[in-house]
Amino acid sequence: MTLQPVSSWTSFGGTLSVHDHDSEACGCPMRFAVFTPPRAKDGPVPVLWYLSGLTCNWSNVMEKSGLQRMAAELGLMVVAPDTSPRGEDVADDDAYDLGQGAGFYIDATEMPWAPHFRMQQYITEELPALIGSAFPADMERQGIFGHSMGGHGALTLHFKQRARYRSVSAFSPIVAPSKVPWGRKAFQAYLGDECPAWGEHDACELVKRQPSDAHILIDQGEADQFLEEQLKPELFEAACREAGQSLTLRRHPGYDHSYYFIASFMEDHLRHHAKALKA
Ligand SMILES: N[C@@H](CCC(=O)N[C@@H](CS)C(=O)NCC(=O)O)C(=O)O
């Protein structure tokens with residue numbers, strides 16, 4: 001697997017670098033960004049995966065959240081993958097919540113999506129192998145977090161691969177995709193008609209099947225325009241209570257769905273992961 005360098009900047013003594021590579025899982029070129037903290041000069045550092053929301057790519061979190069200062073201080077590597085396969089040969093939809101920019105971190109089984117929309121395999125297998133071989137990353141210490149659709153990805157991939165992602169948190173996550181319009185539309189398209197398989201990609205279902213040992217941190221703005229229709233954190237709160245899952249869900253008056261909200265609480269999330277990963 002060859003990495004093509006796209007950009008590189010020094011930031012807070014570390015490096016923010018952007019790379020292209022040909023993805024086998026997605027069958028197209030993919031782009032991702034890595035923040036490497038200064039401490040990585042002394043040896044491998046823990047890796048934190050950030051999964052973005054609808055319409056995003058690597059740049060939203062790297063340009064708007066201000067994560068570099070605290071990731072540098074705590075010695076965390078942060079990887080920001082894209083949210084879907086992209087390109088002229090890749091299926092798409094005119095709507096912002098389906099197709100390119102809306103991969104939902106699952107492997108599609110339905111046409112026309114199945115040939116390229118294999119984001120679960122890409123994020124959990126192909127990209128970790130690449131990061132482990134090309135960067136000073138301690139792959140025994142990985143955590144995962146994300147925003148909105150990426151919060152859904154972080155929670156579900158944690159439950160699917162608890163040994164890989166030892167720490168987990170989310171900003172305004174979609175916690176019950178089987179029950180809300182964004183998730184139902186994507187699952188219908190990528191996985192087909194509603195069936196038990198949908199539950200395998202739904203954080204509320206997964207926690208009830210088997211809670212994890214991790215302590216989950218979720219931040220949610222109360223002025224989020226998607227709160228009541230798409231996010232419904234109360235469903236995850238109830239599922240965690242029923243399952244005995246350790247959870248801190250913080251509701252913040254006045255904050256919306258934007259990166260101004262994410263930037264306000266990014267430090268808390270990085271500290272949450274650094275503590276769990278013993279950075
Ligand atoms: N109104 C937005 C809906 C999508 C949206 O709010 N995306 C969120 C994630 S679900 C986001 O992070 N957008 C990019 C940004 O704020 O930088 C649009 O149509 O683009």
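Since the structure is predicted, the reported quantities are computational estimates derived from the model, not experimental observations. Just follow the structure's listing: the first ligand is 1, and inside any ligand the first atom is 1.
Note on ring orientation: taking the six-membered ring where Trp is involved, the planes of Phe171 and Tyr50 are tilted (angle from 30° to 60°). Using a 30° and 60° split on the angle between ring planes, Tyr190 and Phe117 fall in the parallel class, below 30°.
At distances below 3.5 Å, at least one donor-acceptor pair connects side-chain atoms of Gln100 with backbone N or O atoms of Gly87.
Below 4.0 Å from some heavy atom of Gly53 lie the following atoms of ligand 1, by number and element: 9 (C). In summary, the atoms of ligand 1 found under 4.0 Å from a heavy atom of Ser148, numbered by their order in the structure, are 10 (S). The distance from ligand 1 to the heavy atoms of Lys64 drops below 4.0 Å at these ligand atoms: 15 (C), 16 (O), 17 (O). For ligand 1 and Cys56, the ligand atoms under 4.0 Å from any heavy atom of the residue are 11 (C), 12 (O), 13 (N), 14 (C). Applying the 4.0 Å criterion to heavy atoms of Asn60 picks out, from ligand 1, the atoms 14 (C), 15 (C), 17 (O).
Remark: atom 1 (N) of ligand 1 lies closer than 4.0 Å to no protein heavy atom.
Between His152 and His201, the ring centre distance reaches or exceeds 6.0 Å. Between Phe265 and His252, the ring centre distance stays below 6.0 Å.
Among all protein heavy atoms, the one lying closest to atom 3 (C) of ligand 1 is Tyr96 CE1, 3.6 Å. Regarding atom 8 (C) of ligand 1, its nearest protein heavy-atom neighbour is Leu54 O, 3.7 Å. When only non-hydrogen protein atoms are considered, atom 20 (O) of ligand 1 lies nearest to Thr55 CG2, 3.6 Å.
Between Phe226 and ligand 1, a contact under 3.5 Å exists for no N or O pair. Of the N or O atoms in Tyr259, none lie within a sub-3.5 Å distance of an N or O in ligand 1. Ligand 1 has no nitrogen or oxygen under 3.5 angstrom from a nitrogen or oxygen of His257.
The pair Glu267-Arg69 meets the salt-bridge criterion, with a side-chain N (NZ, NE, NH1 or NH2) lying under 4.0 Å from an Asp/Glu carboxylate O. Ion pairing between Arg184 and Glu194 holds under the 4.0 Å rule for side-chain N and carboxylate O.
Within the 4.0 Å heavy-atom criterion, the part of His147 lying near ligand 1 is the side chain and not the backbone. Contact annotation: for Ser52 versus ligand 1, there are no heavy atoms closer than 4.0 Å.
With sequence neighbours left out, Ala25 forms a side-chain contact (heavy atoms from CB on, under 4.5 Å) with Ser23, Gln121, Tyr122, Glu126.
Tyr260 OH: 12 or fewer foreign heavy atoms inside a 6.0 Å radius.
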